[in-house]
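None of the values given here were measured: they were computed from a predicted structure. Naming convention: chains lettered A, B, ... in sequence-line order (proteins, then strands); numbering from 1 in each chain.
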Number of protein chains: 4
Amino acid sequence: MADDQHLPEADPDDAWLGSSIGATDADHIWIAGRDITTLMGSMTLTELAFLLLVGREPTAGECRVTDAVLVSLADHGVTPSSLSTRLTYTGAPEAVQGAIAAGLLGAGSVFLGPAGDTAVFLADAVEERGLTADHDDAAFADAAAELVAERRAAGARMPGLGHPVHRDGDPRTERLYAIADEEGLIGPHLRLLRAIEGAHQEAIGKYLPINGAGAGGAALADVGLPPALVRGFVLIARTAGLVAHLAEEMRAPMARRLWLETEERASRHYRA
Amino acid sequence: MADDQHLPEADPDDAWLGSSIGATDADHIWIAGRDITTLMGSMTLTELAFLLLVGREPTAGECRVTDAVLVSLADHGVTPSSLSTRLTYTGAPEAVQGAIAAGLLGAGSVFLGPAGDTAVFLADAVEERGLTADHDDAAFADAAAELVAERRAAGARMPGLGHPVHRDGDPRTERLYAIADEEGLIGPHLRLLRAIEGAHQEAIGKYLPINGAGAGGAALADVGLPPALVRGFVLIARTAGLVAHLAEEMRAPMARRLWLETEERASRHYRA
Amino acid sequence: MADDQHLPEADPDDAWLGSSIGATDADHIWIAGRDITTLMGSMTLTELAFLLLVGREPTAGECRVTDAVLVSLADHGVTPSSLSTRLTYTGAPEAVQGAIAAGLLGAGSVFLGPAGDTAVFLADAVEERGLTADHDDAAFADAAAELVAERRAAGARMPGLGHPVHRDGDPRTERLYAIADEEGLIGPHLRLLRAIEGAHQEAIGKYLPINGAGAGGAALADVGLPPALVRGFVLIARTAGLVAHLAEEMRAPMARRLWLETEERASRHYRA
Amino acid sequence: MADDQHLPEADPDDAWLGSSIGATDADHIWIAGRDITTLMGSMTLTELAFLLLVGREPTAGECRVTDAVLVSLADHGVTPSSLSTRLTYTGAPEAVQGAIAAGLLGAGSVFLGPAGDTAVFLADAVEERGLTADHDDAAFADAAAELVAERRAAGARMPGLGHPVHRDGDPRTERLYAIADEEGLIGPHLRLLRAIEGAHQEAIGKYLPINGAGAGGAALADVGLPPALVRGFVLIARTAGLVAHLAEEMRAPMARRLWLETEERASRHYRA
């Protein structure tokens, strides 16, 4: 089989069942249409994930931006997700895959999911309005003002803005914009999000900064990741963070005692 | 807070509850003891995961070996895990974190888990026998012969050997040994596993090659990853593979029709 | 502690952390405000679940309707969920909780979730319109006609109607209505759903029968289960079905061979 | 199709793929070899689960014992599992199936799993020693003494004995033995476990009472549940308990604040 970048077509029989992700025979393993041994040693995991999802290898700049997003969203300490991983491990230490899965299950509409939701929102707006790299800032500002007005009229929050802790600015956001700028990868999604931040402040008279999840989603859309896949993609990073919590829980457990303390506080009225 | 490599000690109050993975305040996010903005743009996700689990940044060689293992174990096409992810997505497309979690849950003692089991087995043997880089091949051969004899006496399989498909050799194994060799990172775990392969053939008269999971587990132990964490660590790679299956399922669904066909075949006796 | 039906109030300190579900001390286990030994032997699991969610014991009729719903939604053979459970078991047979969890994760907006979505939709309509047992059929018919018109105007499907297989009527629906009728438990939710079925046919000129999930959701709302909890409640039944699949997979495995066959069909283009 | 208790044989073609759990056609749903409408209204969920796993309907006594076990293991308040469910819900409230799954994932070797482990241990011993209802207490005492000696020699804990909180006796145990006795269902598994409790005390001079999980596993084995399925079976009960926690979390949330408090305590050293 030729090791080129074009994924092979599935056999016409069972065409509906075909998968191009990978295959195995006695002597080979293929992935993304290539012999896996040609990827081992020449690619990072991030580059492989990009190849699998975008269908081509990232440039160095795209790779740096993608890794910056993944690093920014991997973890930020004790969270509902990392607590679930740790608590699950106390009950089933023999099944670490279950502990990691338990942590991932909390990455939904409230936590982490907003990265993907912002990517989809921005991509829809970019496509509907035909915004491209060639448009000037005024075009993005006009689009942003319209979007803000539409969302306000609908009583809906604006994806990608605001953070309960980082009220004056999410530290990840400026850093990510700077990296994307260094790599010449500030595309329509990041530009539109920045314009929305401004239009939103103008409309409501209050600064709601771009949050790290939103900036990450926009940056991934700008490097070419299909927006609908962003929500899944960032789970790769979160898995890394959860494994770190598992590691710490193994060497310095907290979950069992946290549970016992919580139980004592939560149900002392029963024992009164 | 100083951004050095030494993770801070937890506060003596609540010492049992302390976590060093990360933290947040209004203006900062820290991870692995550092300001996250100093890691963004200067580190891959793999390097961050290594830093979090090993407590230091990997060298370029360690990083290349680690990525080679992750690439080798990310995916190999249609598997029980990737089918679970796709089937789960058909029922709950709004919760992609659940589809990914469903796929990870199959990474247990039969699939993928053997990477970690091999790492732990080899590390225990290396420690018990005090094997180091300074020992010559004869020392490893002796240890391997003893280990093979012990396992055979106990009627137990040897972790890291044999593969139902790759009977004459797993293509990932030779490639991984070559990469580790290029980087000067063939340590006691990879050496012992190679010696075991030979001792096993000698003992039973049949060649059972080192499988890719086993080689990956040994290589991760040699670059310094705590063996007990290997089983969790490789889930990062598998998450990437499962996201690729989710992406393909979104654009070229197979799961719903596979289910209907399977249902028809499985229960036609009811409708006879 | 008195074993009455009133759940105790949480301690004012830590009031936010209080839980009334249960507690433990050296000599007791309490659940739902009662000593667990008084419930063992005098209650079915369904009755306990009802007590925990509704806050009182069900009557015999409520219990019969609730069990009928749970029985109707427990399983119907090979489904995406049961296949996920079986596939997960092949990879991690040591962690059956993971196999069950993998199956439950597919119970979302497409499968099983509609039971809860219908309950919430009906309950909102019943509340908004102030519909009660005292209203005559004409009042329900009027409300139904308005709801159908509203949904059609919004381009939205009507929850609880239609089934891809049971096009002329879901066998569970008539049986469930008959049981509820026998027990005098046809309340506003079941009545409104029936009225919607008629109004929908009148509006579009095509019969879309009430499906089993919708009827189940309506019946649970009529016996007093909080509608927002229906989606979680029916997972108890599905867990029972998935355990049955796990049992069959243990004694007559199909998942491994199904995977291998699927893999062969899905990726033969790679090996061509 | 005849609605009898004998599950139909699968079609010889695709025999490996056959499933007898259930099936669907346009007008029917079958489960456990019967038309589902004949089970609705005449069976509890517990009876259906028993039918699916044992292959016949339970007697009234078997049903009462089975429900007593399920009630006893459904929940006992704030546990690692219920905390995981609540924490997961805060991040992904739109996917309650994920929150329940997260809680189930902690039901492993440490929590809840011991019910199944005890059932398997006792069943193996009963089978190896050919213990039946006809044997007198001395035969059980002898077997118990041998088992205790074997486990002690192997340095292994005895399944089913001891509880960190209920040191002088688990309240569920005596109640469950009483119920099984009332129903004439004290079989070899419950008898052997009681004998082991005595033999263990005699051997080590310390009373380690039968715990509720162990008694439950033994009782389920005595009513005819295949011991290998006990671990999965009790998850049905736990799902009910977790749904109750989800319900409480919806109306009186604690998880978000517990997380924030824990985060503050766990990482204050970062902000010092």
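- Within the 4.5 angstrom heavy-atom criterion, atoms from both the backbone and the side chain of D:Leu258 approach chain C.
- Taking C:Thr79, C:Asp25, C:Asp168, C:Val65 one by one and counting their heavy-atom pairs under 4.5 Å with chain D, the maximum is reached by C:Asp25.
- Of the listed residues D:Ile21, D:Val71, D:Asp67, the one with more heavy-atom pairs under 4.5 angstrom with chain C than any other is D:Ile21.
- Only the backbone of D:Ala23 comes within less than 4.5 Å of a heavy atom in chain C; its side chain stays farther off.
- Counting heavy-atom pairs closer than 4.5 Å to chain C, the top-ranked of the candidates D:Ile29, D:Leu104, D:Ile36 is D:Ile29.
- With a threshold of 4.5 angstrom between heavy atoms, D:Leu45 approaches chain C through its backbone and through its side chain.
- Contact annotation for D:Asp170: only side-chain heavy atoms (C-beta onward) come within less than 4.5 Å of a heavy atom of chain C.
- Side chain of D:Glu249 to backbone of D:Tyr89: no donor-acceptor contact under 3.5 angstrom is found.
- Interface residue C:Pro253: only backbone heavy atoms are found under 4.5 Å from chain D.
- Ranked by heavy-atom pairs shorter than 4.5 Å toward chain D, the options C:Met254, C:Met43, C:Glu182 are led by C:Met254.
- From C:Leu73, atom CG reaches atom CD1 of C:Ile236 across 11.5 Å, with rounding to the nearest 0.5 Å.
- Between chain C and the options D:Arg172, D:Arg167, D:Arg238, D:Met250, the largest number of non-hydrogen pairs under 4.5 Å is found for D:Arg172.
- A salt bridge links C:Glu261 to C:Arg265: at least one charged side-chain nitrogen sits closer than 4.0 Å to a carboxylate oxygen.
- Options D:Leu112, D:Leu105, D:Thr66 differ in how many heavy-atom pairs under 4.5 Å they form with chain C, and the most are formed by D:Leu105.
- Contact count versus chain D (heavy atoms, under 4.5 Å) is highest, among C:Gly41, C:Cys63, C:Ser72, C:Ala247, for C:Gly41.
- Atoms CZ and CD, on C:Phe111 and D:Gln97 in that order, are 13.0 Å from each other to the nearest 0.5 Å.
- Ranking D:Ala252, D:Ala68, D:Ala74 against chain C, the residue ahead of the rest is D:Ala68, based on heavy-atom pairs under 4.5 Å.
- In this structure, the portion of D:Ile31 lying under 4.5 Å from any heavy atom of chain C is its side chain and not its backbone.
- Checked by atom type and distance alone, the side chain of D:Thr85 pairs as donor or acceptor with a backbone atom of D:Ala99 at under 3.5 Å.
- Contact count versus chain C (heavy atoms, under 4.5 Å) is highest, among D:Leu246, D:Thr46, D:Asp75, D:Leu39, for D:Asp75.
- Salt-bridge formation is not detected for the pair C:Glu94/D:Arg231: no Lys NZ or Arg NE/NH1/NH2 atom is positioned less than 4.0 Å from an Asp or Glu carboxylate oxygen.
- Checking side-chain atoms of C:Arg86 against main-chain N and O of C:Ala255 turns up no donor-acceptor pair under 3.5 Å.
- Neither the backbone nor the side chain of C:Glu47 comes within less than 4.5 Å of any heavy atom of chain D.
- No donor-acceptor pair under 3.5 Å is formed between the side chain of D:Glu183 and the backbone N or O of D:Ala180.
- Contacts between D:His28 and chain C at a heavy-atom distance below 4.5 Å involve the backbone alone (N, CA, C, O).
- Taking CD of D:Glu248 as the reference point, atom OG of C:Ser20 lies at 5.5 Å (rounded to 0.5 Å).
- At least one side-chain heavy atom of D:Leu242 sits under 4.5 Å from a side-chain heavy atom of D:Ser81.
- A salt bridge links C:Arg34 with C:Glu57; the closest basic N to acidic carboxylate O contact falls under 4.0 Å.
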